[in-house]
Engineer: 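Sharing a structure with you now.
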Amino acid sequence: MTPEEAVAEQERLRPRVRTSTDPGLTVQYVAGLDVSYADDDRLAGAIVVLDASTMETVDSAVVLGNAEFPYVPGLFAFRELPPLLRALSKLTVTPDLLVCDGQGLAHPRRFGLACHIGVVTDLPSVGVAKTPMGRFEQPSDERGAATDLVEDGEVVGRALRTRAGVKPVFVSVGHRIDLDRACAEVLRLCVTRLPETTRRADSLGRAQLR
DNA sequence: GCGACAG
DNA sequence: ATCTTGTCGC
């Protein structure tokens, strides 16, 4: 897969993204997805599913693999999608929502990792990135404060303060959910700056590389 | 040509 | 992504 083909693939799948929330969507099982890297080109794709009402881990899966695509801004999904899809197929619990480590619509072609994995699996998904892809005003310091993330004059996501006085995270829609609901779900998962789902998947993945 | 550029 | 425990400050 060349970078040109990857871009074409994004353009092809982009129209399938849905930015409205499924009527009656209930988010009980939430999956956190993350990929960890070793010194060589080995990587580990990890997923942890938790029950949003109790925050208990109810399922998890981790797979080892090799990086098949370099890190190219804008084409991040082509590096992380393969191991994540393999890990997803090992789950015994079907998640109601996928929480991805990266952008969704806050992407140069409005098709970041969260959109890509959402469309491919047809599951609701949101992107939670640690650094922004776009411009934003600093939200006020209280937990829950948020401002728009703007790219090319469009609102593509939100800078969300998940913890008082700490740098915000950047939430954007992936698939089958709207931005308000995406932010509400992410905030509910945050005890510290990042969602518990992401934190648990991250520790599972790095542990697997040891 | 130069800077920006998720993880 | 990765290097990484204790420590400074509110």
Side-chain angles (χ1 to χ4, degrees), chain A residues 3-4 6-7 9-10 13-14 17 32-48 62-85 87 98-120 125-136 140-143 148-175 179 182-183 186 192-195 197-210:
Chain A
E4 293 69 28
V7 169
E9 178 78 344
Q10 292 180 324
L13 296 175
R14 168 75 186 80
V17 169
L33 294 69
D34 187 52
V35 177
S36 296
Y37 298 86
D39 301 316
D40 42 43
D41 67 340
R42 291 179 311 117
L43 52 73
I47 301 182
V48 170
V62 58
V63 299
L64 286 172
N66 293 297
E68 305 294 345
F69 202 90
Y71 168 65
V72 179
L75 299 180
F76 184 47
F78 294 86
R79 184 171 174 78
E80 302 214 335
L81 212 49
L84 291 178
L85 290 177
L98 304 180
V99 177
C100 303
D101 193 23
Q103 319 285 357
L105 291 177
H107 175 276
R109 287 171 294 281
R110 306 290 174 269
F111 199 70
L113 172 65
C115 297
H116 203 142
I117 203 161
V119 163
V120 166
S125 63
V126 307
V128 179
K130 295 182 286 294
T131 58
M133 275 287 252
R135 303 176 50 72
F136 69 101
S140 58
D141 268 339
E142 330 84 66
R143 170 180 156 90
D148 290 339
L149 225 201
V150 178
E151 214 178 321
D152 304 321
E154 310 176 49
V155 174
V156 294
R158 211 164 272 163
L160 175 66
R161 189 88 63 188
T162 55
R163 193 173 186 188
V166 172
K167 175 181 173 173
V169 294
F170 304 89
V171 178
S172 57
V173 166
H175 185 49
L179 186 54
C183 288
V186 168
T192 56
R193 183 187 177 224
L194 298 176
T197 38
T198 302
R199 303 187 66 214
R200 292 182 199 179
D202 178 71
S203 75
L204 174 62
R206 51 203 323 167
Q208 190 62 214
L209 285 177
R210 303 193 160 209

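Throughout, a chain's letter reflects where its sequence line sits, starting with A, and its residues are numbered from 1.
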Engineer: Measuring only between side-chain heavy atoms, which start at C-beta, is A/D148 closer than 4.5 Å to A/R158?
Structural biologist: yes
Engineer: Could you tell me the separation between the CZ atom of A/R210 and the C1' atom of C/dT4, rounded to a whole number of Å?
Structural biologist: 10 Å
Engineer: Does C/dT2 have OP1 or OP2 under 4.0 Å away from a side-chain N or O of A/R42?
Structural biologist: no
Engineer: Walk me through it: do A/D34 and A/R206 pass the test salt bridge (charged side-chain N to carboxylate O under 4.0 Å, His left out)?
Structural biologist: CA-CA 10 Å; A/D34 187 52; A/R206 51 203 323 167; over 6 Å; no
Engineer: Could you tell me whether a side-chain N or O of A/R79 sits under 3.5 Å from a main-chain N or O of A/F69, the two making a donor and an acceptor?
Structural biologist: yes
Engineer: What are the residues of residues 153-171 of chain A, sorted by number, that bring a heavy atom to within less than 4.0 Å of DNA chain B?
Structural biologist: none
Engineer: What is the distance, rounded to the nearest whole Å, between atom CG of A/D39 and atom C1' of C/dA1?
Structural biologist: 11 Å
Engineer: Indicate for each nucleotide in nucleotides 2-7 of chain B, in 5' to 3' sequence, whether protein heavy atoms under 4.0 Å reach the base (B), only the sugar-phosphate (S), or nothing (-).
Structural biologist: ---BBB
Engineer: Nearest 0.5 angstrom please: A/L149 CG to A/L160 CG, how far?
Structural biologist: 11.0 Å
Engineer: Look at the rings of A/F136 and A/F170 and say which category their plane angle falls in: under 30° parallel, 30 to 60° tilted, over 60° perpendicular.
Structural biologist: perpendicular
Engineer: How far does CZ of A/R14 sit from NE2 of A/H107, to the nearest 0.5 angstrom?
Structural biologist: 10.5 Å
Engineer: Let me see the working for A/D152 and A/R110 under salt bridge (charged side-chain N to carboxylate O under 4.0 Å, His left out), right down to the final yes or no.
Structural biologist: CA-CA 11 Å; A/D152 304 321; A/R110 306 290 174 269; 3.0 Å; yes
Engineer: What's the shortest heavy-atom distance between A/R163 and A/R193, and which atoms?
Structural biologist: CD-N, 4.3 Å
